[in-house]
Chemist: 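Below is the structure I would like to discuss, written out as structure tokens.
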Amino acid sequence: MLGKLISRLKKEDYTITYDFSARETIRILFDKAIQILRGFVKVKIKASTKGLVFAAKGANVIFSGKVSFGRNLNMGRYSLINALSVNGVKIGDNFTIGDFSIIECTGVLRGVGEGLTIGNNVGINHHCFIGVRGEIVIGDNVIFGPRVTVLSENHNFNLTDVPIKEQGETRYKTVIEDDVWIGANVIIMPGVTIKSGSIVGSGAVVTKDTQKDSVVVGVPAKIVKKRNEKDN
Ligand SMILES: CC(C)(COP(=O)(O)OP(=O)(O)OC[C@H]1O[C@@H](n2cnc3c(N)ncnc32)[C@H](O)[C@@H]1OP(=O)(O)O)[C@@H](O)C(=O)NCCC(=O)NCCS
């Protein structure tokens, strides 16, 4: 029953193999109903959205006039989208942002961020941070593990007689192309492009562009194999 419901919402096949008990099904549907109500009040009446909005406790979108969502948005507990940015935030269909994850387009008012684009079917796990200062682009079908950080700005630091915080910042465009899996605790540095089909192993710090369909791991991230070399 739940599988059919989700398939209808997502407009694609969604198979659930686990046989939920009646009690579990009722609990899930009850939670989702509360989240729809909260989604209506917290997001749907303020932002441009299509389809359903599920918002768990504490979830919020601020500067909602700057953001547009596609069909179906799922916001975890205390997740936050601060959309204040020059070009706004555009998010596609079936977007999930996990518990305590933050999309922050502006940190301080003198540095309003450029903007963010996220494609369809993107899932951001718990405790992630996307710091939009330079532009950030995320493609379709991208999966984030927990505690992923995506950055798009460095502080300038060449002068030794001026505090770093007064030397300004340099912005970079950071891109995650289609069909990418970012493992837990990864940091994607400003200006990097994660090419389509890449996998980034957990704990990596990605300082350079990846190659298409590659698996990269470590600090700094290095290629360990191409995806079609994996014997699975
Ligand atoms: C990157 C990853 C997908 C590779 O899996 P795999 O194809 O089975 O790779 P292997 O286990 O064969 O490892 C290949 C090599 O990379 C190393 N390696 C694998 N993952 C690594 C990582 N995260 N950091 C550092 N080295 C890693 C292995 O030790 C191995 O090195 P070796 O050839 O010297 O022995 C996997 O290790 C990983 O990090 N998964 C992320 C899990 C996660 O974050 N899940 C969250 C759910 S969204």
Side-chain angles (χ1 to χ4, degrees), residues 1-62 64 67-83 89-104 116 118-130 138-150 176 178-186 199-203 230 232:
M1 174 194 174
L2 282 174
K4 279 190 190 147
L5 197 64
I6 298 171
S7 296
R8 283 191 66 174
L9 289 176
K10 282 179 166 277
K11 296 195 168 152
E12 64 187 47
D13 258 5
Y14 193 90
T15 311
I16 298 178
T17 48
Y18 179 76
D19 190 16
F20 291 100
S21 68
R23 181 186 279 254
E24 287 165 340
T25 305
I26 289 166
R27 173 64 205 257
I28 291 166
L29 291 175
F30 178 77
D31 282 355
K32 288 294 172 193
I34 298 285
Q35 289 178 17
I36 288 174
L37 285 177
R38 200 182 282 111
F40 186 79
V41 174
K42 286 280 184 187
V43 184
K44 214 163 162 58
I45 55 174
K46 302 188 292 186
S48 158
T49 62
K50 300 183 195 117
L52 287 175
V53 177
F54 299 93
K57 186 175 181 191
N60 208 355
V61 176
I62 59 173
S64 44
V67 60
S68 74
F69 295 101
R71 285 180 57 81
N72 305 328
L73 166 68
N74 197 348
M75 297 189 70
R77 287 177 301 138
Y78 298 97
S79 58
L80 173 68
I81 300 173
N82 170 356
V89 174
K90 189 168 182 302
I91 296 179
D93 296 343
N94 304 321
F95 177 63
T96 296
I97 177 167
D99 298 350
F100 300 96
S101 285
I102 295 176
I103 292 175
E104 185 191 68
L116 169 69
I118 296 180
N120 297 322
N121 311 315
V122 172
I124 290 179
N125 212 308
H126 308 306
H127 294 275
C128 293
F129 177 73
I130 300 179
I138 298 174
D140 296 331
N141 302 310
V142 172
I143 312 166
F144 280 38
R147 297 187 187 278
V148 169
T149 300
V150 183
I176 300 171
D178 297 342
D179 188 25
V180 163
W181 172 29
I182 316 273
N185 286 300
V186 166
I199 293 172
V200 183
S202 50
K230 186 172 180 349
N232 53 8

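Since we're looking at a predicted model, the values are computed, not measured. The figures here come from the full heavy-atom set of this structure, side chains too, leaving out hydrogens, waters and symmetry mates.
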Chemist: Between the side chain of S101 and the main-chain N/O of N125, is any donor-acceptor distance below 3.5 Å?
Modeler: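 Here the side-chain-to-backbone pair exists.
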Chemist: Measuring from S21:OG to R27:CZ, what's the distance to the nearest 0.5 Å?
Modeler: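 Output value for this atom pair is 12.0 Å.
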Chemist: Please report the interatomic distance CG(L80) to CD1(I97), rounded to the nearest 0.5 Å.
Modeler: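 Here the rounded value is 7.5 Å.
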Chemist: Determine whether a donor-acceptor pair (N or O, by modelled atom type, separation under 3.5 Å) exists between the side chain of D93 and the backbone of G70.
Modeler: no
Chemist: If you take all heavy atoms of A59 and G76, which pair is closest and at what distance?
Modeler: CB-O, 3.5 Å
Chemist: Check for a donor-acceptor pair, side chain of D178 on one end and backbone N or O of D140 on the other, with a separation under 3.5 Å.
Modeler: yes
Chemist: Nearest heavy-atom pair of G3 and I16: which atoms, and what distance?
Modeler: N-CD1, 3.6 Å
Chemist: Verify whether the ring centers belonging to H126 and F100 lie closer than 6.0 Å.
Modeler: no
Chemist: Looking at K44 and G51, would you say the former's side chain and the latter's main chain have a donor-acceptor pair under 3.5 Å?
Modeler: yes
Chemist: Show, in sequence, the C-alpha distance, side-chain angles and deciding distance for N121 and N141, and conclude whether the side-chain contact (heavy atoms from CB on, under 4.5 Å) test is met.
Modeler: CA-CA 5 Å; N121 311 315; N141 302 310; 3.2 Å; yes
Chemist: Using side-chain contact (heavy atoms from CB on, under 4.5 Å), reason through K46 and I62 one step at a time and then give a plain yes or no.
Modeler: CA-CA 9 Å; K46 302 188 292 186; I62 59 173; 5.7 Å; no
Chemist: Could you give the distance from CZ (F144) to OG1 (T149), rounded to the nearest 0.5 Å?
Modeler: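 Between atom CZ of F144 and atom OG1 of T149 there are 9.5 Å.
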Chemist: Among K57, R147, R77, whose salt bridge (charged side-chain N to carboxylate O under 4.0 Å, His left out) with D99 holds?
Modeler: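 Considering K57, R147, R77, a salt bridge (charged side-chain N to carboxylate O under 4.0 Å, His left out) with D99 is found only for R77.
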Chemist: Write down the atom of C128, the atom of G145, and the distance for their closest heavy-atom approach.
Modeler: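 Between these two residues, the closest heavy atoms are SG-O, 3.3 Å.
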Chemist: Between L2 and Y14, is there a side-chain heavy-atom distance shorter than 4.5 Å?
Modeler: no
Chemist: Is the count of non-hydrogen atoms from other residues, nucleotides or ligands lying under 6.0 Å from F40 atom CZ greater than 12?
Modeler: no
Chemist: Nearest 0.5 Å, please: how far is CG in L116 from CD1 in I130?
Modeler: 6.0 Å
Chemist: I would like to know whether V150 and I176 meet side-chain contact (heavy atoms from CB on, under 4.5 Å); could you show each step before the answer?
Modeler: CA-CA 9 Å; V150 183; I176 300 171; 4.1 Å; yes
Chemist: Applying the side chain to side chain contact (heavy atoms under 4.5 Å, CB included) test to I138, which of I118, I182, V180, I91 qualifies?
Modeler: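 Exactly one pass, corresponding to I118.
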Chemist: So, the side chain of N72 versus the backbone of L52: is there a donor-acceptor pair under 3.5 Å, distance only?
Modeler: yes
Chemist: What are the two closest non-hydrogen atoms of G92 and N120, and how far apart are they?
Modeler: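 Minimum heavy-atom separation between G92 and N120: CA-OD1, 3.4 Å.
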Chemist: Does any part of the side chain of V148, heavy atoms only, come nearer than 4.5 Å to the side chain of I124, both counted from C-beta?
Modeler: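 With C-beta onward as the side chain, the pair stays apart.
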Chemist: One pair to check against side-chain contact (heavy atoms from CB on, under 4.5 Å): F69 and V53. What are the steps and the verdict?
Modeler: CA-CA 10 Å; F69 295 101; V53 177; over 6 Å; no
Chemist: If you measure from CG on D179 to CD1 on I199, what distance do you get to the nearest 0.5 Å?
Modeler: 8.5 Å
Chemist: With heavy-atom distances below 4.5 Å as the criterion, would you say the side chains of F54 and I36 are in contact?
Modeler: yes
